[in-house]
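Keep in mind it's a predicted model, so treat the numbers as computed, not measured. Every number for a ligand or one of its atoms is a count from 1 in the order of the listing.
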Amino acid sequence: MPDILPADQIYWQKVGEVIKNLTRAYGFERIDTPVLEEVDLFIKGSGSDTDIIEKEMYNLRTKGGDRLTLRPEFTPAIIRAYLENGLASLPHPVKLYSLGPIFRYERPQKGRYRQSYQANFEIIGEKEPVLDAQLIQLFFSISRELSLRNLTVQINSIGCPSCRPAYRKKLINFYKSRKDQLCLNCQRRLKQNPLRLLDCKENQCRQIAQEAPQLIDQLCDDCHNHFKSVLEFLDEVNIPYILNPYLVRGLDYYTKTVFEIWPEGKEGRQISLAGGGRYDGLIKLLGGRDTPAVGFAIGLDRLVGLIKERGIKFNQRRRPLVFLVQLGDLAKKRSLKLFEELRQSGLEVASSFSRDTMKVQLGTADKLGARLTLILGQKEALDETIIIKDMNSGIQETVPLIKIVKEVKKKIRNS
Ligand code: HAM
């Protein structure tokens, strides 16, 4: 579970700002749900045979005997909140986004953490393919604002309850005769979750998967037309994509479109930046009306990691800084109040009250890039005056303390 250190906050702030601005532009409203949820919500929602449920949940039992878990993803929690809080009676589509941590007990490695942050987006109540494409477009708007290029979408359709069962049977038949060649994990998964065999990363399983029947050839008309439309919309907005027949995603609720977004080049081999898809059956499964939905989530740790790896820098646009230097007991007392006055007047102020020498304090002002330094010494404190030093020209001027805010603002305006 990584710490986010001060030096990295600029990236997180920028990512947060861009996401908040764009989600507003795309008509999303923010929803925050608790970090703890009932275990059963995810067993039912994400699917009991998924890696997340089988081995990655942080479960706990409360004193009252409730079985809770640290959310491993947002989607079932958002649907729970949507159903419990009457959002289902709002005009649809209901577009919701969330920002926050998720928890997965994974083997930690670069880009894979036990606590990570997601920006999660859900559009509830529409079955139109244009929305699948619009979510992908939203991701590209976000990445463009962050100067991230060379990213590709991998996309597939995994059908629906009317076409998938027949395909599932075909797949089990195909794999049965090759069971001995599969890795142990796939041998075990063959019965409960055969689709997952298609995206196993083990060499021998990958080779076998290449000969496996492809779902894309067996889609029903509805799924076929939906998928075709999604791709046409992506073409329309010039978003490049790769059709990946092995992309099945690790969560059980998906129907029709599934997609992941990957960086191109060598960074891209291990980590997807975002993933999502359509889940037309989940709301009914969790006790609501039959309601289609589509969504995706961005892994913010990975997004920030890529921004840093690619050397992308963001300017910290700040107001000009005023640094307050104090010398002597009386000046120190006065400067505490003065600091607050300056700050409340809208100025960006810094100081180091615990340092007493002029040299050290001026050194700090210099390091912080202060435009002006205000020097309050023993004499000035007694005279009710203060010195303003322009850090570029070195020129100093003594002004009455009472006029300080006005004088500082004038100097900043003129400089
Ligand atoms: P997911 O593919 O499990 O989908 O996660 C989405 C993204 O979260 C991944 O592409 C990755 O960037 C990031 N992520 C996941 N686990 C970790 C980890 N351990 N460390 C770092 N980053 C990670 C979902 O969670 C779905 N709920 C998305 C969705 C929303 N589908 C429909 N609506």
Side-chain angles (χ1 to χ4, degrees), residues 1-2 4 15 19 23 28 31 33 37 41-42 45-47 50-53 55-58 70-82 93-124 126 131-132 134-136 138-139 142-143 148 151-156 158 196 199 247-263 267-268 270-283 285-286 291-307:
M1 293 190 182
I4 303 176
V15 164
I19 289 174
T23 43
F28 283 82
I31 181 165
T33 59
E37 293 277 356
L41 173 67
F42 296 100
S46 314
T50 58
D51 284 353
I52 290 185
I53 304 304
K55 36 184 206 221
E56 293 175 3
M57 294 231 280
Y58 281 91
L70 292 171
R71 64 176 172 220
E73 59 152 335
F74 277 94
T75 310
I78 301 302
I79 300 307
R80 175 203 55 70
Y82 161 89
V94 173
K95 295 169 126 188
L96 302 169
Y97 85 98
S98 306
L99 287 170
I102 59 156
F103 303 85
R104 295 184 187 176
Y105 192 84
E106 307 211 52
R107 196 159 53 83
Q109 49 189 293
K110 189 168 164 262
R112 196 176 289 283
Y113 307 112
R114 290 183 171 177
Q115 173 171 336
S116 67
Y117 287 79
Q118 280 189 346
N120 184 81
F121 308 85
E122 312 291 359
I123 304 181
I124 303 168
E126 277 289 355
L131 296 178
D132 310 20
Q134 201 191 19
L135 284 176
I136 297 174
L138 168 61
F139 176 86
I142 291 171
S143 57
L148 275 173
L151 309 172
T152 36
V153 185
Q154 298 198 5
I155 193 164
N156 192 20
I158 56 168
R196 285 311 306 270
D199 79 345
L247 180 69
V248 292
R249 309 272 297 134
L251 299 155
D252 273 2
Y253 45 68
Y254 291 113
T255 51
K256 296 194 166 94
T257 320
V258 288
F259 62 89
E260 287 181 355
I261 292 155
W262 294 73
E267 317 116 313
Q270 321 97 9
I271 57 162
S272 64
L273 288 178
R278 186 158 274 286
Y279 52 99
D280 292 342
L282 181 63
I283 296 166
L285 181 74
L286 295 180
T291 314
V294 60
F296 81 111
I298 307 176
L300 299 183
D301 306 73
R302 295 183 181 180
L303 200 69
V304 166
L306 189 66
I307 289 170

If you look at every heavy atom in [X] and [Y], which pair is closest and at what distance?
X      : Y      : result
Ser46  : Ile53  : CB-CD1, 4.0 Å
Arg278 : Pro292 : NH1-CB, 3.9 Å
Asp301 : Gln115 : OD2-O, 4.4 Å
Asp280 : Lys256 : OD2-NZ, 4.0 Å
Ile124 : Ala293 : CA-CB, 4.0 Å
Leu247 : Val258 : O-CG2, 3.7 Å

- Say you draw a straight line from OH of Tyr97 to CD1 of Ile31; how long is it, rounded to the nearest 0.5 Å? 11.5 Å
- To the nearest 0.5 Å, what is the distance between CZ (Phe121) and CG (Leu138)? 5.0 Å
I'd like the name of whichever of [options] reaches closest to [atom] through any heavy atom.
atom                    : options                       : value
atom 21 (C) of ligand 1 : Gly299, Gly111, Pro76, Pro72  : Gly111
atom 18 (C) of ligand 1 : Tyr113, Trp262, Phe74, Phe103 : Tyr113
atom 31 (N) of ligand 1 : Tyr105, Tyr254, Tyr279        : Tyr254

Looking at [atom], what's its closest protein heavy atom, distance included?
atom                    : answer
atom 11 (C) of ligand 1 : Arg302 NH1, 3.4 Å
atom 15 (C) of ligand 1 : Arg104 NH1, 3.4 Å
atom 12 (O) of ligand 1 : Ser272 O, 2.8 Å
atom 8 (O) of ligand 1  : Gln118 NE2, 3.0 Å
atom 28 (C) of ligand 1 : Gly275 O, 3.5 Å
atom 27 (N) of ligand 1 : Glu73 OE1, 2.5 Å
atom 23 (C) of ligand 1 : Ser116 OG, 3.7 Å
atom 30 (C) of ligand 1 : Thr75 OG1, 3.0 Å

Distance filter under 4.0 Å to [X] heavy atoms, resulting ligand 1 atoms:
X      : value
Leu273 : 10 (O), 12 (O)
Tyr253 : 26 (C), 27 (N), 31 (N)
Gly276 : 31 (N)
Leu251 : 4 (O), 24 (C), 26 (C)

Is [X] touching ligand 1 with its side chain, its backbone, both, or neither, if touching means heavy atoms under 4.0 Å apart?
X      : answer
Asn120 : side chain
Val294 : neither
Glu260 : neither
Ala274 : backbone

- Item | Phe296 and Phe259 aromatic ring geometry - parallel, tilted or perpendicular at 30°/60° bounds | tilted
Any N or O of [X] that comes nearer than 3.5 Å to an N or O of ligand 1?
X      : value
Asp301 : no
Gly277 : no
Arg249 : yes
Glu122 : yes

- Using 4.0 Å as the upper bound for N to carboxylate O, is an ion pair formed by Arg104 and Glu73? no
Would a 4.5 Å heavy-atom cut-off, applied to side chains only, mark [X] and [Y] as touching?
X      : Y      : value
Arg302 : Ser272 : yes
Arg114 : Tyr105 : yes
Ile298 : Val15  : no

- Would you say the side-chain atoms of Tyr58 and Glu56 include a donor-acceptor pair closer than 3.5 Å? no
